[in-house]
Amino acid sequence: MQSHFRSARRRIGGFAVALVAAVGIGALVAPAAASAKPKNVKVMTRNIYLGADLTPALLAESPQEMFAAAGAIYDTSVFGTNFRGRAELLADEIARAKPDAIGLQEVALWRRGPLDSVTADPTPAREVVIDFLEVLQTQLAKRGLNYKVGKVQNEADLEVPIDRDADGTPEFDGRLTMRDAILVKGNLKVSKRRGGNYASLLPVPTPLGSISVTRGWTAVDLTKGKKRNAKKFRFVNTHLEAFSAFFRANQAQALRSLGLISNSGRLPVILVGDLNSDPVDDSEQTLPNAPFPPTAQNAAYLTIEAAGFVDRGVTVNTCCHADDLLNPEPEFGSRIDHVLSKGRVTKLGASLTGADPELRTNTGLWPADHGGVVSRLRIR
């Protein structure tokens, strides 16, 4: 990258200017690259699960049905699937794996507020009920683990009346903000924090009007090691559309077209996330009466692969447990959680978390509906 070269040139000083003029850039850069030692890094992708299925609320046929479904979702996500208990298991996974960087998906933030979201002058709900990121970080700190937030990106932000008793009388407004986040081990340097949302979003008609299911990405540049032994790489995390292969493929195309990936130069890129795309599933997915064409389930993965990314994750299925997380044995039927890389990266190994029946809560809950993928990589 030009900025990287300029900063390197300033460090070397005026001697570099004369040397470039005399022998060319290639002669200056090549010996440094050849003498640099490879650096091992470990990365993780982890969908931590919002704790409930949103489909009943999105497919409701009346406002009352939607509010009752939202009440059930609220109770299940906040209480039933017990993220506070699950966060202990997720923190244990991280403690065992000790990844340098973690891409998290479905980092839910629940808030509540006045019952006015369907009025002409709504007030956004602000009272925090549970913040999944804060809960997980607390558990990490209890284990003596130092992980800092690299980047958080808001995605879907939905607020509706909550009718917990399904009696037609909502009690308050509930607001669910879905986020993706990057956590970074404390000894790594973080720079160039970026994030964004995709323009191509699935529209969902509801009794309150059409909503778009916002999806996005996060990215940071990371440096491991110090001075001459340091290695710099770009770490990207994303969560692509789950319910439409067409929009999922569009989002994958937008991701590969981002300058931070397409113009990364000599900087290695590690991409992790829930792509919702199984490499071997070429079946077509569409929605009833949808105006967009059927698209292969694996189209998003193949789009990213075509950009020069190589699979560095596990070869086994990674999803999904039952919505209530109470299935007695793993029921994974697809491989949609991925670690991929582009540039000077090789794979040393990879493992799956969240599939051991012995590692559940005392009430039998799995850590999340997905498994986690941990990859050991070497950056040359």
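All of these numbers come straight from a predicted model, not from anything done at the bench. Note that these values count all heavy atoms, side chains included, but never hydrogens, waters or copies made by symmetry.
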Would you say D100's side chain and V41's backbone share a donor-acceptor pair under 3.5 angstrom?
-> no
Going by the salt bridge (Lys or Arg N to Asp or Glu O under 4.0 Å) test, which pairs reach into residues 330-339, not counting sequence neighbours?
-> D311-R335
Residues that E93 engages under salt bridge (Lys or Arg N to Asp or Glu O under 4.0 Å), provided they are two or more places apart = R46
List in chain and number order the residues that pass side-chain contact (heavy atoms from CB on, under 4.5 Å) with R344, two or more places apart in sequence or in another chain; answer none if no residue qualifies.
-> R266, P268, R380
Just by modelled atom types, is the E329 backbone N or O under 3.5 Å from a matching donor or acceptor in the N327 side chain?
-> yes
Are any side-chain N or O atoms of E106 and backbone N or O atoms of L50, one a donor and one an acceptor, separated by less than 3.5 Å?
-> yes
Return the set of residues passing salt bridge (Lys or Arg N to Asp or Glu O under 4.0 Å) with D157 (not counting sequence neighbours), or none when no residue passes.
-> R175
Under the side-chain hydrogen bond (donor to acceptor under 3.5 Å, both in side chains) rule, what pairs show up with a residue in residues 77-89, not counting sequence neighbours?
-> S77-W110
Going by heavy atoms in the side chains, are R111 and D173 under 4.5 Å from each other?
-> no
side-chain hydrogen bond (donor to acceptor under 3.5 Å, both in side chains): pairs with one or both residues in residues 131-141, sequence neighbours excluded | D131-R179, Q139-R143
Find out if a path of hydrophobic residues (ILVMFWY) with successive side-chain heavy-atom gaps under 4.5 Å connects V272 to I48.
-> no
Taken in chain and number order and not counting sequence neighbours, the residues that satisfy side-chain contact (heavy atoms from CB on, under 4.5 Å) with A355 are P330, F332, L352
I would like to know whether L340 and L275 meet side-chain contact (heavy atoms from CB on, under 4.5 Å); could you show each step before the answer?
-> CA-CA 11 Å; L340 304 104; L275 304 186; 4.1 Å; yes
To the nearest 0.5 angstrom, please state how far the OG atom of S341 sits from the CZ atom of R378.
-> 13.5 Å
Taking all non-hydrogen atoms of both residues into account, name the closest pair between A70 and A57 and its distance.
-> N-CB, 4.3 Å
Non-hydrogen atoms of T295 and A245 that approach each other most closely = O-CB, 3.3 Å
Applying side-chain hydrogen bond (donor to acceptor under 3.5 Å, both in side chains) between R248 and each of Q253, E241, Q285, report the one that passes.
-> Q285
F309 meets the ring-ring contact (aromatic ring centres under 6.0 Å, His included) criterion, sequence neighbours left out, with none
Side chain T353, main chain G371, donor-acceptor under 3.5 Å | no
Decide yes or no on side-chain contact (heavy atoms from CB on, under 4.5 Å) for R96 and L359, but give the supporting numbers first.
-> CA-CA 12 Å; R96 286 190 292 269; L359 301 177; 3.6 Å; yes
With sequence neighbours left out, the residues meeting ring-ring contact (aromatic ring centres under 6.0 Å, His included) with H239 are none
Check whether any side-chain N or O of K42 sits under 3.5 Å from a backbone N or O of A97 as a donor-acceptor pair, and report yes or no.
-> yes
Heavy atoms, side chains only, cut-off 4.5 Å: are L133 and L109 in contact?
-> no
Linking I/L/V/M/F/W/Y whenever any side-chain heavy atoms sit under 4.5 Å apart, do V107 and L183 land together?
-> yes
Gap separating the OG1 atom of T346 from the CG atom of L377, nearest 0.5 angstrom = 7.5 Å
Do you reckon M44 sits in the same ILVMFWY cluster as V339, going by side-chain contacts under 4.5 Å, direct or chained?
-> no
Results of side-chain contact (heavy atoms from CB on, under 4.5 Å) for L89 - residues two or more places apart only = T361, P367
Are the side chain of T238 and the backbone of G216 linked by a donor-acceptor contact shorter than 3.5 Å?
-> yes
Who pairs with F247 by ring-ring contact (aromatic ring centres under 6.0 Å, His included), at least two apart in sequence or on another chain?
-> F292
Criterion side-chain contact (heavy atoms from CB on, under 4.5 Å) on L325 and D369, from CA distance to verdict = CA-CA 6 Å; L325 302 179; D369 60 340; 4.0 Å; yes
Flag, side chain of N237 to backbone of A181, donor-acceptor distance under 3.5 Å = yes
Are the side chains of I270 and L222 in touch, meaning some heavy atoms are under 4.5 Å apart?
-> no
So ring-ring contact (aromatic ring centres under 6.0 Å, His included) across residues 115-154, not counting sequence neighbours, yields F83-F132
Verify the distance criterion only: is there a donor paired with an acceptor across the side chains of T119 and D121 at less than 3.5 Å?
-> no
Would you find a donor on one side and an acceptor on the other, under 3.5 Å apart, between the side chain of D165 and the backbone of G71?
-> no
How about K189: does its NZ atom have over 12 heavy atoms from other parts shown lying under 6.0 Å from it?
-> no
Can you tell me how far OG1 of T76 sits from CG of D323, rounded to the nearest 0.5 angstrom?
-> 9.5 Å
Side chains of S375 and R312: donor-acceptor distance under 3.5 Å anywhere?
-> no
Between F172 and G113, the two heavy atoms sitting closest are CB-O, 3.7 Å
Check for a donor-acceptor pair, side chain of K151 on one end and backbone N or O of V236 on the other, with a separation under 3.5 Å.
-> no
Residues T177, N154; criterion side chain to side chain donor-acceptor pair (under 3.5 Å); working and verdict | CA-CA 7 Å; T177 305; N154 286 354; 5.8 Å; no
Quick one: are L267 and K232 in side-chain contact, heavy atoms under 4.5 Å?
-> yes
Tell me, with the steps shown, if R234 and R194 meet side-chain contact (heavy atoms from CB on, under 4.5 Å).
-> CA-CA 11 Å; R234 184 159 294 159; R194 286 157 289 187; 3.3 Å; yes
Heavy-atom nearest pair, A108 first then M178, reads CB-SD, 4.3 Å
Minimum-distance pair of heavy atoms, taken over all atoms of L202 and F243 | CD2-CB, 4.0 Å
Side chains of N276 and Q105: does their closest heavy-atom pair fall under 4.5 Å?
-> no
Here the pair of heavy atoms bringing I94 nearest to P99 is O-CD, 3.6 Å
Does one hydrophobic cluster hold both L140 and V152, with members joined at side-chain heavy-atom distances below 4.5 Å?
-> yes
Mind checking whether T318 and I336 have side chains closer than 4.5 Å, heavy atoms only?
-> yes
Could you check if a side-chain atom of V160 sits within less than 4.5 angstrom of a side-chain atom of L158, using non-hydrogen atoms only?
-> no
Are L365 and L326 close enough that some pair of their side-chain heavy atoms sits under 4.5 Å apart?
-> yes
Got a second to check how far D274's CG is from L104's CG, nearest 0.5 Å?
-> 12.0 Å
Report whether W217 and F235 are members of the same hydrophobic cluster (ILVMFWY, side-chain heavy atoms less than 4.5 Å apart, transitive linking).
-> no
Strictly by modelled atom types, are D180 and Q153 linked by a side-chain donor-acceptor pair under 3.5 Å?
-> no
